[in-house]
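Working notes, beginning with the structure itself.
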There are 2 protein chains.
Amino acid sequence: MTGPESGADEVDLLVEAWQRERADLDLGPVEVFSRISRLARLLDRARREAFTAQAIEPWEFDVLAALRRAGKPYRLSPGQLLRETMVTSGTMTNRIDRLGERGLVERSPDPHDRRGVLVGLTAAGKRAVDGAFDSLIDKERDLLGELTTAERRELAALLKRLMEPLR
Amino acid sequence: MTGPESGADEVDLLVEAWQRERADLDLGPVEVFSRISRLARLLDRARREAFTAQAIEPWEFDVLAALRRAGKPYRLSPGQLLRETMVTSGTMTNRIDRLGERGLVERSPDPHDRRGVLVGLTAAGKRAVDGAFDSLIDKERDLLGELTTAERRELAALLKRLMEPLR
DNA sequence: CCCAGATATCTTGACGTCAAGATAGTTTCG
DNA sequence: CGAAACTATCTTGACGTCAAGATATCTGGG
């Protein structure tokens with residue numbers, strides 16, 4: 001009935017331990033959310049590895065990728081970037097500074113708003129982000145290895161529904 | 001065929017943007033992993049909210065919870081704690097110090113190993129973690145609201161399979 | 001018994017992030 | 001037109017984390 005059982009994982013053990021200690025609680029939610037947290041952590045490590053060839057960090061990729069997928073001319077304001085990447089303005093200032101030092105992006109004044117700035121991908125930045133994204137997709141495809149296409153779609157759909165109330 | 005479509009979410013838009021820019025790539029994996037990263041982030045915020053009543057932070061909960069689910073006498077070594085919580089030793093020293101200052105845990109020498117220390121939950125620590133876990137379970141059940149029990153199980157099972165290659 | 005290597009914990013210094021606030025420029029509307 | 005409210009970006013200071021290494025103790029082979 002249960003298909004090819006592949007034994008208890010860390011989270012199963014964690015839930016069993018809680019069940020022993022707090023038999024009064026329904027731990028169903030933990031089986032989902034605990035796995036999501038752990039997966040995010042493991043995924044972050046996998047991304048780090050995928051980016052070693054381009055010598056960029058996940059936070060650098062996040063910014064470069066936002067510029068890259070915006071399309072030509074690969075320019076966005078710091079405000080757009082922080083909304084895309086879900087970080088605060090102080091963090092974004094810092095990131096742009098350091099990416100600028102590495103020659104991957106450059107600031108220019110916004111011609112329509114003198115308060116504003118536009119951040120653009122340099123040629124080196126575009127090369128770095130395209131290479132990094134290739135590596136990332138390869139890595140992620142590996143990680144999905146065991147899942148069939150139908151299962152992957154099912155999983156993506158369930159995750160999408162789970163995100164809805166959190167928006 | 002597609003059931004009650006609830007429109008494109010952030011990730012759908014992100015994938016469409018990448019598709020425009022990099023039509024050469026198969027973006028299937030992104031639909032899964034990008035949602036996992038985002039969910040982890042949103043979940044972290046939700047946990048923060050759930051813990052406000054006990055005035056504890058997620059990192060504090062992680063340590064207290066490891067001690068709590070270990071069962072009586074609620075004592076573990078720093079080494080066991082760092083393996084449970086996936087942080088480095090320096091971080092764990094820091095966490096134990098601060099939880100000690102707040103009176104939620106206390107250090108005692110390990111009677112069997114003079115290098116060692118045991119970290120134990122105080123009565124106040126146990127009250128805090130039990131209250132926090134109640135709130136967390138409530139919050140998480142809310143977040144699952146839209147999913148049926150069968151869907152929750154399906155999701156947990158798919159996530160478990162996704163984690164396997166990452167261990 | 002002793003020493004080399006392993007183990008447990010703590011210390012240090014650098015890093016990336018955030019929250020709060022400062023500064024400069026823009027918009028709205030009386 | 002001018003003042004008040006708003007917006008965009010940057011600055012500052014505190015925080016939690018990590019990697020690397022220091023210190024103390026334990027263990028097994030010779």
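Each chain gets a letter, A, B and so on, in the order the sequences are listed, and its residues count up from 1. Bear in mind the structure is a predicted one, so any value in this text is a computation, not a measurement.
For the pair M86(B) CE and dG16(D) C1', the computed distance is 17 Å after rounding to whole Å. A straight line from CE of M92(A) to C1' of dT9(D) spans 12 Å, rounded to a whole angstrom. With rounding to whole Å, I96(A) atom CD1 is found 15 Å from dT17(C) atom C1'. The CD-P distance, from Q80(B) to dA8(C), rounds to 10 Å in whole Å. Remark: P of dC10(C) and CG of D97(B) are 7 Å apart, rounded to the nearest angstrom. Put simply, CZ on R95(A) is 16 Å from P on dT9(D), counting in whole angstrom units. The separation between W59(B) atom CH2 and dT17(D) atom C1' is 12 Å, rounded to whole Å. Between the CG atom of D44(A) and the P atom of dT17(C) there is a distance of 11 Å, given to the nearest Å.
Phosphate contact (OP1/OP2 of dT17(C), side-chain N/O of T91(A), threshold under 4.0 Å): absent.
Ion pairing of E31(B) with K160(A) is absent here, as no side-chain N (NZ or NE/NH1/NH2) approaches a carboxylate O to less than 4.0 Å. Salt-bridge check for R102(A) with D97(A): failed, with every basic side-chain N at 4.0 Å or more from each acidic carboxylate O. The pair D110(A)-R115(A) does not meet the salt-bridge criterion, since no charged nitrogen lies less than 4.0 angstrom from a carboxylate oxygen. Salt-bridge formation is detected for the pair R141(A)/D138(A): a Lys NZ or Arg NE/NH1/NH2 atom is positioned less than 4.0 Å from an Asp or Glu carboxylate oxygen.
The nearest heavy atom of DNA chain D to P78(A) and to R41(A) marks one nucleotide each, and the one closer to the 5' end goes with P78(A).
Interface residues of residues 98-114 of chain B facing DNA chain D, ordered by number: R98(B), D113(B), R114(B); criterion, heavy-atom separation under 4.0 Å.
Here the side chain of T93(B) is nearest to one of dA24(C), dC18(D), dT11(C), namely dT11(C). The side chain of S77(A) lies closest to dT9(D), out of dC18(C), dT17(C), dT9(D). Picking from dT9(D), dT25(D), dT26(C) the nucleotide with the shortest atom distance to the side chain of R115(A) gives dT26(C). Closest to the side chain of S89(B), out of dT9(D), dT17(C), dA20(D), is dA20(D).
None of Q54(A), R68(A), R47(A), R48(A) except one satisfies the side chain to side chain contact (heavy atoms under 4.5 Å, CB included) rule with F61(A); the exception is R47(A).
Here the side chains of F133(B) and L27(A) are in contact, with some heavy-atom distance below 4.5 Å.
For T122(B), the side chain to side chain contact (heavy atoms under 4.5 Å, CB included) partners two or more places apart in sequence, or in a different chain, are E106(B), A124(B).
Counting any heavy atom pair closer than 4.0 Å across all strands shown, G90(B) reaches a base atom.
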